[in-house]
Trainee: 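Before I ask anything, let me first share the structure, which is written out below as structure tokens.
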Amino acid sequence: MKSFIPIIISIFCAFNLRAATPPQTEQNPPPLDPKNMDTSIKPGDDFFRYANGTWIKRTEIPPEYSRWGAFNELIERNNDALRVIAEQASKTQVDPKLAPEIQKVGDYYASGIDEKTIDALRTKPLAEEFQRIDAIKDRAALLKAIAHLHTIGVGAFFEFGSGQDAKDSSRDIAQAVQGGLGMPDRDYYTKQDADMKQKREKYVAHVTKMLTLLGEPADKAAEDAKKILALETKLAEASRTRVQLRDPIKNYNKMGVRQLQDVTPDWNWSDYFKTIDLVESGDVNVQQPEFFKAANDLFRSTSLDDWKAYLRWHLINATAPTLSKDFVDEDFNFRERILRGTQQIKPRWKRVILSEDNDIGEALGKLYVGFYFPPEAKARALELVNNLKEALADRIKTLEWMDEPTKQEALKKLAAFTVKIGYPDKWLDYSLLQIDRGPFVLNALRANEFEADRDIKKIGKPVDRTDWGMTPPTVNAYYNSNMNEIVFPAGILQPPFFYAKADDAVNYGAIGAVIGHEMTHGFDDQGRQFDAKGNLRDWWTPKSAEEFEKRSAAIVQQFNEYEALPGLHVNGELTQGENIADIGGVKLAYAALQKALDKHPEERAKKIDGFTPEQRFFLSFAAIWRQKIRDEDQKMRLTTDPHSPAQFRVNGPLSDLPEFQKAYGIPDGSPMVRSADKRVNIW
Ligand SMILES: [Zn+2]
């Protein structure tokens, strides 16, 4: 299979040389651009603005974005690259047997870009799906309809799928999870402040409009929308908060099917399993049992007509972006304009690419890495990962607050990290997935169906360790605690995170800090509860655990103090794990840079643009987080995003680091220097 990539390259190169060179949105700026800085601000007062201030003044968030920064610039470049690939594939005649990815990527793109057909068809391709909902006559049929929606990727009522058994990570088991909401979080339903009340009013107006577009008379649609909000509010009230969901022990409630049946006596799980084609369920982890108890009452007591309205809404909500312009525009209006403040919808090609990356990302990604991810990049990234691993091992060995037995376990865990770089060793086999020239919405639904089926088929089986949770072009990275693995897709291993030719200081400050961040997740307040094998098991002595908790509580307090918008503070509990990872990441990357400089002492004295390597390291760290964000998006993220706002991801960790204070010779008592008794330092 691997030899397939060079064949694809030759097909493309024959067509279009443009595909061989990455398109760029900027004229190759230097790795660190002093023109972005604002030197009228002292580094010790506000380093985020010192490093990025002129960029912030100069930059307008593009109308089609709710935030804009270094990440987005790279995502734009990747999108341009993916567009070239998809367009070329759509114009290439291939034998699907010889080049299945090209056929699928090309046909998917062609179906999505064909606006005329999409607009003419409106919801016609979904007729059968809506009929299925209309035909519900009793509770058994209702359950079947919900189960069917789950098989096509519509998350109505609750979530059900596979996941590793947290206490036996070698196997996948069934997982039942709270869900069923149309707004981003339970807080949108339960909070009583003016802003959330207004969001709810707008949500009802949005649902009304969507149901009207489906052909319901306006007054009936308005009534249904209110009932949908009422039903979802009850689901929200029974749901755990995002902070509560961060507790892996509370989310572990494995039970046999009989016990599961007792939780929800009013629906028959074996009927549900039959519809989703789950032959042998085995034990099920009911992550939030109290949610399912409440769901059972709603299942029984809510009228069938209200349920039908709710299911129609969730079906149209899930498919709107792939339907005609009226649905697309209304969906954008709520999801982007109202919730995030975005001014303008993205051009169609970009929306199709994003949806293609989501739906058949490993087919598109396989073509992408053939062009944009040279083997040298993988080797260089692996070298950086190993250097960071060494830095973390050194750090664990010398930690003043951790005792010896806990250190031994921590080192074992670190040594057992699986590292995945660039793209999967084993690509997903899409041969059973039919992708054709349209209708677009059916391509999307079949892709969902393929993915849902693949997910359900994992239940009861040994874990497939070759699986990836992100697609290759993704500008992101992750740590997975059950796999005990760190994963860096090809998409992020590029400027401004990673430069093949830049000085070490710049690379360690950017991708080095990202790598350190993901590694630290293995030891944050959640990750530390999993052992080397990825099992939920307490390997800490009580004394070391207590020391850890003292320090993590200080981080919660530090970030609780940050005010992102007037009157709106960061939620230190929600962002705890990410903040621990941010602080650990930059600290470890700095230590790794020191090791690299030890090997090349001549580099130490070298200044570039007047900055020492240490100073450039911190400038590079601040540069990757340069960002502007619309207030509405910031508000949403304060409720839903486990990451802190960009300025605090820079100024928070750096104000805890003596290394930073020293690099810039900042006097004690400066805003960027927390006093010694307040400095937090875990990893
Ligand atoms: Zn993270």
Side-chain angles (χ1 to χ4, degrees), residues 67 69-72 74-75 242-243 245-248 381 384-385 388-389 391-392 395 413-414 417-421 468-471 474-489 491-493 496-498 508-530 534 548 551-552 555-556 558-559 562 564 570-590 592 620-622 624-627 629 637-654 656-657 680 682-683:
R67 58 175 180 170
F71 273 79
N72 304 89
L74 178 50
I75 291 168
R242 279 176 199 260
V243 169
L245 287 172
R246 298 187 74 257
D247 184 340
L384 280 164
V385 168
L388 263 292
K389 256 174 122 172
L392 180 50
R395 180 78 186 130
K413 175 164 183 174
L414 174 61
F417 270 12
T418 298
V419 181
K420 291 178 177 171
I421 292 175
W468 276 55
M470 284 179 183
T471 67
T474 306
V475 182
N476 209 336
Y478 67 92
Y479 170 77
N480 179 335
S481 50
N482 282 133
M483 293 278 206
N484 194 27
E485 66 178 8
I486 44 175
V487 185
F488 305 94
I492 198 170
L493 299 169
F497 294 90
F498 175 61
Y508 279 96
I511 195 71
V514 172
I515 295 168
H517 172 105
E518 300 308 337
M519 284 184 180
T520 307
H521 271 316
F523 302 94
D524 70 16
D525 63 304
Q526 291 177 301
R528 78 175 189 87
Q529 301 182 61
F530 295 83
F548 178 94
R551 285 165 174 77
S552 64
I555 294 184
V556 171
Q558 177 185 346
F559 282 80
Y562 294 134
V570 173
N571 181 339
E573 290 279 357
L574 175 65
T575 57
Q576 177 180 181
E578 295 299 336
N579 297 332
I580 292 173
D582 279 340
I583 298 170
V586 66
K587 199 175 170 81
L588 293 173
Y590 183 89
S620 178
F621 175 68
I624 60 170
W625 295 116
R626 68 170 181 263
Q627 186 191 75
I629 184 163
R637 285 174 188 281
L638 287 171
T639 304
T640 60
D641 192 345
H643 303 88
S644 291
Q647 67 271 34
F648 305 122
R649 297 192 73 169
V650 174
N651 289 355
L654 296 191
D656 283 319
L657 254 61
V680 272
I682 304 186
W683 299 108

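Both counts, for ligands and for their atoms, begin at 1 and track the order of listing.
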Trainee: Do Asn579 and Gln558 have side-chain atoms, one donor and one acceptor, less than 3.5 Å apart?
Mentor: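 No donor-acceptor contact under 3.5 Å links the two side chains.
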Trainee: Under the salt bridge (charged side-chain N to carboxylate O under 4.0 Å, His left out) rule, collect the residues that match up with Glu578, sequence neighbours excluded.
Mentor: none
Trainee: Have a look at Glu578 and say which of its N, O or S atoms is nearest the Zn ion (ligand 1).
Mentor: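 Of all N, O or S atoms in Glu578, the Zn ion (ligand 1) lies closest to OE1.
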Trainee: Do the ring centers of Phe621 and Tyr590 come within less than 6.0 Å of each other?
Mentor: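 No, ring centres 6.0 Å or more apart.
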Trainee: Restricting to pairs with a member in residues 514-525, which pass salt bridge (Lys or Arg N to Asp or Glu O under 4.0 Å), not counting sequence neighbours?
Mentor: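 As it turns out, the salt bridge (Lys or Arg N to Asp or Glu O under 4.0 Å) pairs with a partner in residues 514-525, which skip direct neighbours, are Arg246-Asp525.
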Trainee: Starting from the Zn ion (ligand 1), look over the N/O/S atoms of His521 and name the nearest one.
Mentor: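 Closest N, O or S atom of His521 to the Zn ion (ligand 1): NE2.
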Trainee: If the cut-off is 2.8 Å, does any N/O/S atom of His517 fall short of it from the Zn ion (ligand 1)?
Mentor: yes
